[in-house]
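Atoms considered below: every heavy atom in the structure, side chains included; atoms not considered: hydrogens, waters and symmetry mates.
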Amino acid sequence: MRFSYAGLMVAFALGFATTNRALAQDQLPQEPGSIFTLGGSEANFDPNQPIKGGFTVSVTVDSAAGRETDLTGVFQVDPTGAIQMKLIGRVELKTLTPAQASDKAAALLKPYVKDPKVLVAIVSVPKPVIFLTGGAGRRGPVVVNDGTTLAELLTTLGFDENADLSHIRVVHKDEKGTRTLNEYDFTKWLKPLPGQKPDEGQNPVVTDRDLIYVPLKQIPGVGNVQVSGDVVRPGIVSIRVGVPTQLREVITLAGNLNATADHQQVILRRVGQDRAFVLDYDKAEQGDPVHNIEVKADDVVYVAKLDYDRFVNMNGGFVRSGKLPYYRTITLTQAISESGGLQTGARDWEGRVYRHTSGADPTRTQIIPFHYGKVRNNQQPDFVLMPGDTVEVPSAKPRTGLDPLTLATSVLTIAVLVDRLVGGNRGF
């Protein structure tokens with residue numbers, strides 16, 4: 001039996017290609033969700049209830065000619081309570097039942113469709129979302145079912161061992177934006193006195209957009225502040241009681257601000273005060289007592305993130321590409337310097353600045369070419385960037401490598417040649 005070099009090399013080539021493909025699939029990143037869901041995935045709802053923003057509805061349109069497929073479909077109701085349909089544009093459905101919405105859509109279609117018949121049905125409704133902070137077992141947004149109680153929430157998610165369950169505060173915001181604050185002694189439901197029933201008055205039903213604050217028990221000499229938003233380590237920060245602790249120190253204990261934080265929008269809320277403090281962290285760092293205020297136990301500090309148009313986007317061949325906060329007037333050379341300069345081999349002669357000009361057409365973009373080498377050598381003028389600009393310098397072209405299939409083909413070709421050369425001197 002003749003030994004075949006080609007067969008051996010084919011097996012190697014195919015095995016390499018398969019293994020490489022499997023490794024590539026194993027390395028795909030997985031993105032976790034950011035909102036926890038307490039209830040099941042399916043929710044029961046009244047199919048005849050009034051339509052609200054966030055609902056998903058199906059619209060079926062028939063006419064004298066049959067089913068109007070271009071008008072039929074599934075629509076997301078926007079926050080104002082409307083959908084967009086062909087021919088008739090915006091259709092406001094807020095507070096209408098599906099039957100009333102069907103009649104309204106049919107009336108609007110009459111000038112365009114002969115004998116229109118419309119059927120509107122609710123496909124899904126958004127579940128309530130509540131927000132937990134303080135000593136709850138999970139902080140942040142949580143999706144719940146209609147009718148979920150405080151007991152169901154806390155027994156499912158748990159709470160910190162130092163949580164003060166006797167002073168749980170629930171902030172409710174109605175449709176008009178009016179806020180109401182209620183405090184509950186949950187221990188009267190959780191651990192009633194001997195011979196007494198759990199106090200259901202201390203176990204409220206949570207509703208959409210409720211903020212639930214579970215305070216922590218005060219340790220002698222120590223207080224707690226909730227720090228959230230665009231900081232390095234959001235969470236509970238312990239402060240001294242009896243010794244003044246300023247905002248700057250609390251932010252430092254939370255790991256400082258992220259690069260994308262809005263220094264002028266540090267919000268401090270204090271229990272018992274309706275108005276929040278809006279503070280400037282830059283002024284706090286400079287020691288301004290108006291902004292570097294004393295922080296007290298149970299305060300909630302929130303650091304906002306810069307709006308999307310308050311960045312300069314650095315794309316391509318920069319040492320540190322990404323978003324560069326636009327706190328002050330900044331030139332092209334300053335932005336490139338703050339991004340660590342250009343990578344080795346970056347094509348600095350092909351630089352571009354993409355600027356979205358204001359006006360009725362948001363798709364209009366001004367393209368400003370530049371040669372960074374000439375700008376740096378004062379052969380081209382430097383210029384001021386605008387918030388929202390995108391600066392792009394192409395990276396060096398990567399060396400072309402062989403993909404698994406190409407490599408396998410090359411190996412197979414070599415194997416056939418070797419097999420013929422060796423086999424030419426052998427018999428069967």
Side-chain angles (χ1 to χ4, degrees), residues 27-29 31 229-234 248 251-252 254-266 278-288 291-292 303-403:
Q27 292 171 358
L28 290 175
E31 291 292 336
D230 209 14
V231 295
V232 175
R233 295 189 300 272
R248 182 180 177 185
I251 295 294
T252 301
N256 286 318
L257 306 184
N258 289 323
T260 53
D262 188 344
H263 289 213
Q264 283 76 50
Q265 288 291 319
V266 179
V278 181
L279 308 169
D280 186 324
Y281 187 67
D282 289 338
K283 294 181 179 179
E285 282 194 309
Q286 296 168 8
D288 185 341
H291 295 272
N292 192 31
V303 180
K305 194 171 186 175
L306 282 171
D307 293 334
Y308 74 95
D309 59 350
R310 293 183 62 189
F311 293 95
V312 172
N313 302 290
M314 310 296 289
N315 293 343
F318 302 103
V319 174
R320 294 188 299 273
S321 59
K323 291 184 178 295
L324 185 66
Y326 196 101
Y327 292 122
R328 66 187 190 286
T329 301
I330 187 171
T331 65
L332 173 69
T333 55
Q334 288 173 327
I336 293 178
S337 176
E338 292 189 22
S339 297
L342 297 183
Q343 298 173 357
T344 303
R347 305 201 295 275
D348 63 350
W349 63 93
E350 295 183 11
R352 299 284 188 276
V353 173
Y354 298 91
R355 178 169 296 165
H356 300 284
T357 57
S358 59
D361 185 1
T363 63
R364 294 182 59 186
T365 302
Q366 179 185 2
I367 301 177
I368 307 171
F370 66 88
H371 187 312
Y372 181 60
K374 292 184 177 180
V375 174
R376 189 173 50 194
N377 294 326
N378 205 27
Q379 295 174 327
Q380 280 187 4
D382 197 3
F383 56 91
V384 173
L385 298 176
M386 302 296 292
D389 280 355
T390 296
V391 182
E392 183 173 292
V393 174
S395 303
K397 291 184 178 179
R399 297 179 61 184
T400 304
L402 292 176
D403 60 85

> Please find the pair of heavy atoms, one from Ser321 and one from Gly316, that lie closest to each other, and give the distance.
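Looking at all heavy atoms of both residues, the shortest contact is CB-O, 4.3 Å.
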> In Å and rounded to the nearest 0.5 Å, what is the OG1 to CZ distance from Thr260 to Arg310?
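Atom-to-atom, Thr260:OG1 and Arg310:CZ are 12.0 Å apart.
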> What I'd like to find out is whether the side chain of Arg376 reaches to under 4.5 Å of the side chain of Ile336, using heavy atoms alone.
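Not touching, per the 4.5 Å side-chain cut-off.
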> Would the distance check show the side chain of Gln343 and the main-chain N or O of Val319 forming a donor-acceptor pair, the cut-off being under 3.5 Å?
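Answer holds: no.
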> Quick one: does Arg347's side chain have a donor or acceptor within less than 3.5 Å of a partner on Ser395's backbone?
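Looks like yes, one N/O pair under 3.5 Å.
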> For Met386 and Val312, which heavy atoms make the closest approach, and how far apart are they?
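Smallest interatomic distance, heavy atoms only, reads O-CG2, 4.0 Å.
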> Looking at Asn313 and Thr390, would you say the former's side chain and the latter's main chain have a donor-acceptor pair under 3.5 Å?
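Checked: no pair found.
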> Any donor and acceptor pair, going by atom type alone, linking the side chain of Asn258 with main-chain N or O of Val231 inside 3.5 Å?
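Indeed, once roles are kept as given, a pair shorter than 3.5 Å links the two residues.
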> When rounded to the nearest 0.5 angstrom, what distance separates CD1 in Ile367 from CZ in Arg355?
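One gets 12.5 Å once the value is rounded to the nearest 0.5 Å.
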> Contact between Phe383 and Ile368 at the side-chain level, heavy atoms closer than 4.5 Å - yes or no?
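Sidechains of Ile368 and Phe383: in contact.
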> Would you say Tyr372's side chain and Leu332's backbone share a donor-acceptor pair under 3.5 angstrom?
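Absent.
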> Taking all non-hydrogen atoms of both residues, which atom of Tyr326 and which atom of Thr329 are closest, and how far apart?
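Result for this residue pair: OH-CA, 3.7 Å.
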> Val391 versus Leu324: any side-chain heavy-atom pair under 4.5 Å?
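Sidechains of Leu324 and Val391: no contact.
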> So which heavy atom on Ala396 is nearest to which on Thr344, and how close?
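It is CB-O, 4.0 Å.
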> Could you grab the distance from atom CD of Glu392 to atom CE of Met314, nearest 0.5 Å is fine?
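Rounded to the nearest 0.5 Å, the CD-CE separation comes to 11.0 Å.
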> Rounded at 0.5 Å granularity, tell me how far CG in Leu342 sits from CG in Asp348.
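Spacing of CG (Leu342) from CG (Asp348) equals 6.0 Å.
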> Roughly how far, to the nearest 0.5 Å, is NZ of Lys305 from CD of Gln265?
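Spacing of CD (Gln265) from NZ (Lys305) equals 15.0 Å.
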> Check the surroundings of atom CG in Asn378: do more than 12 heavy atoms from other residues, nucleotides or ligands lie under 6.0 Å from it?
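Open.
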> Is Arg248 reaching over with its side chain to a backbone N or O of Gln286, donor-acceptor style, under 3.5 angstrom?
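Judged by distance alone, no pair lies under 3.5 Å.
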> Measure the shortest side-chain to side-chain distance between Lys283 and Asn292 over non-hydrogen atoms and say whether it is less than 4.5 angstrom.
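SC-SC contact between Lys283 and Asn292 ruled out.
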> Which heavy atom of Asp230 sits nearest to which heavy atom of Ala261, and what is that distance?
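Asp230 and Ala261 have their closest heavy atoms at OD2-N, 3.0 Å.
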> Mind checking the CD-CG spacing from Gln334 to Asp382? Nearest 0.5 Å is all I need.
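One finds 7.5 Å between CD of Gln334 and CG of Asp382.
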> For Arg352, enumerate each residue passing the salt bridge (Lys or Arg N to Asp or Glu O under 4.0 Å) test, keeping only those at least two apart in sequence or located in another chain.
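Per chain and number, Arg352 pairs via salt bridge (Lys or Arg N to Asp or Glu O under 4.0 Å) with no residue.
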> Applying salt bridge (Lys or Arg N to Asp or Glu O under 4.0 Å), name anything that partners Glu285, two or more places apart in sequence or on another chain.
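Residues passing salt bridge (Lys or Arg N to Asp or Glu O under 4.0 Å) with Glu285: none at all.
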> So, does Gln380 use its side chain to make a donor-acceptor pair with the main chain of His371 at under 3.5 Å?
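Confirmed, Gln380 side chain pairs with His371 backbone.
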> Which pair of non-hydrogen atoms, one from Val393 and one from Ala346, has the smallest distance, and what is that distance?
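In terms of heavy atoms, the two residues are closest at CG1-CB, 4.2 Å.
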> Can Asp280 and His291 be counted as having a side-chain donor-acceptor contact under 3.5 angstrom?
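No, no side-chain donor-acceptor contact under 3.5 Å.
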